[in-house]
Amino acid sequence: MKLAITRLLLKMAGLAPLLCCFTSAQQSASTSAPSVTSIVQGMERSQSEVRAQGPYQVIREYRLFGANSSSTNADVVAQVDFKPPTGQNYNIQKWSGSGRGKQVVQRVLDHEAESRGNQARTALTSDNYDFTLIRETVLDGRPCYLIGLNPKRKEKDLILGTAWVDKRSLLILHIEGETARSPSWWLRNVRVKLSFGDLSGTWLQTSMEAVADVRLLGLHTLTSCILDYRGSDISASTRRAPRRIQLRSQDLAP
């Protein structure tokens, strides 16, 4: 049974770096975008034109939760080094709890590195999604467009759900939904939440949550968040990441 659970967690872990191409995207845009078409065009410009130019480093904490458990089964801290446009390597700094934790995080980071070489397949663009403008809303005090995401292909790295897009800058603040295709028969449902924020001038994915309904075993959860960030001069002293975006229930209602 332990071996079966490990395999399932490794499958679920592969979902963690979804949409990693959103990191480092920044773009100034008009606050008067009248249609979903102009909003999407601004989002696409942000992804294609503005990216991190120099190397940077993040320290992430990963946590694994078992079915019906409020306490972690494993806690893993990893250092991840990025060398744009596609270079990435990592080092597991420490871990505690279940020995499966280190395996799961290694699988997460290996998949993330592989995905960086094919970012166009998961980018939030009209090539991969049909978009709808649901309504305007506010997220953590920031006026946003709530955009519906409908994948054009049933792939496990695409999300059927919604995106919160900053109305002024057209930066993606939050994404929430279900994977367009389950990665295996064992996973009946996989729901993901991705949050983004500015870290010393670089727009990055700051946190992630993936919840999988595993057949016969119940819900299992994998989360990650950034503890520290170093910019282009990664030899400089570590700068503390800003606080994580707090999502209010009224902001998340579709």
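- When all heavy atoms of Arg121 and Arg153 are compared, the pair lying nearest together is O-NH2, 3.1 Å.
- Note that CZ of Arg107 is 12.0 Å distant from CD of Glu112, once rounded to the nearest 0.5 Å.
- One finds the OG1 atom of Thr179 at 9.0 Å from the CG atom of Asp157 (value rounded to the nearest 0.5 Å).
- Under the 4.5 Å side-chain heavy-atom criterion for grouping Ile, Leu, Val, Met, Phe, Trp and Tyr, Val108 is connected to Ile92 within one hydrophobic cluster.
- Gln93 meets the side-chain contact (heavy atoms from CB on, under 4.5 Å) test with Ile59, Val77, Gln79, Asn91; sequence neighbours excluded.
- Rounded to the nearest 0.5 angstrom, Arg63 CZ and Ser96 OG are separated by 9.0 Å.
- Separating the OG1 atom in Thr223 from the CZ atom in Arg60 is a distance of 12.0 Å, to the nearest 0.5 Å.
- Atom CD1 of Ile226 and atom CG of Leu199 lie 5.0 Å apart (nearest 0.5 Å).
- Using a 4.5 Å heavy-atom threshold, the side chains of Asn150 and Leu160 count as touching.
- Annotation: side chain of Leu133 is in contact with side chain of Ile147 (closest heavy-atom distance under 4.5 Å).
- For Arg142 against Ser169, the heavy-atom pair with the smallest separation is NH2-OG, 4.5 Å.
- Across Ile175 and Ala163, no two heavy atoms sit closer than the pair CG1-CB, 4.1 Å.
- Interatomic distance, Leu64 CG to His220 NE2, rounded to the nearest 0.5 Å: 9.0 Å.
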For this session: Give the C-alpha distance, both sets of side-chain angles, the deciding distance and a yes or no for side chain to side chain contact (heavy atoms under 4.5 Å, CB included) between Phe65 and Leu219.
Result: CA-CA 9 Å; Phe65 299 83; Leu219 296 178; over 6 Å; no

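- With a 4.5 Å cut-off on side-chain heavy atoms, Met208 and Leu222 count as touching.
- Taking 4.5 Å as the limit, some side-chain heavy atom of Met43 sits within range of a side-chain heavy atom of Val165.
- Phe131 is listed as a side-chain neighbour of Leu149, based on a closest heavy-atom distance under 4.5 Å.
- Nearest heavy atoms, Ser195 versus His174: OG-ND1, 3.0 Å.
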For this session: Apply side chain to side chain contact (heavy atoms under 4.5 Å, CB included) to the pair Val36 and Tyr145, showing each step before the final yes or no.
Result: CA-CA 9 Å; Val36 68; Tyr145 297 111; over 6 Å; no

Exercise. Can you list the steps and then say if Arg191 with Glu209 is a salt bridge (charged side-chain N to carboxylate O under 4.0 Å, His left out)?
Worked result: CA-CA 8 Å; Arg191 186 164 185 83; Glu209 177 182 279; over 6 Å; no

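- Nearest heavy atom pair, residue Ser98 against residue Ala74, reads O-CB, 3.8 Å.
- Under the 4.5 Å side-chain criterion, counting only non-hydrogen atoms from C-beta, Leu139 is not in contact with Thr137.
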Exercise. Can you list the steps and then say if Val80 with Leu109 is a side chain to side chain contact (heavy atoms under 4.5 Å, CB included)?
Worked result: CA-CA 8 Å; Val80 189; Leu109 294 170; 3.8 Å; yes

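- In this structure, Phe196 and Leu173 have side chains that are not in contact, with every pair of non-hydrogen atoms separated by 4.5 Å or more.
- Annotation for Leu158 and Thr122: closest pair CD2-CA, 4.0 Å, computed over non-hydrogen atoms.
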Problem set entry | Intermediate values then yes/no, side chain to side chain contact (heavy atoms under 4.5 Å, CB included), Tyr129 and Ile159 | CA-CA 9 Å; Tyr129 289 90; Ile159 297 176; 4.1 Å; yes

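- Here the side chains of Trp164 and Ile172 are not in contact, with every heavy-atom distance at 4.5 Å or above.
- Ring orientation note: the planes of Tyr56 and Phe82 are close to parallel, at an angle under 30° on the 30°/60° scale.
- The environment of Lys152 atom NZ is dense: over 12 non-hydrogen atoms of other residues, nucleotides or ligands sit within 6.0 angstrom.
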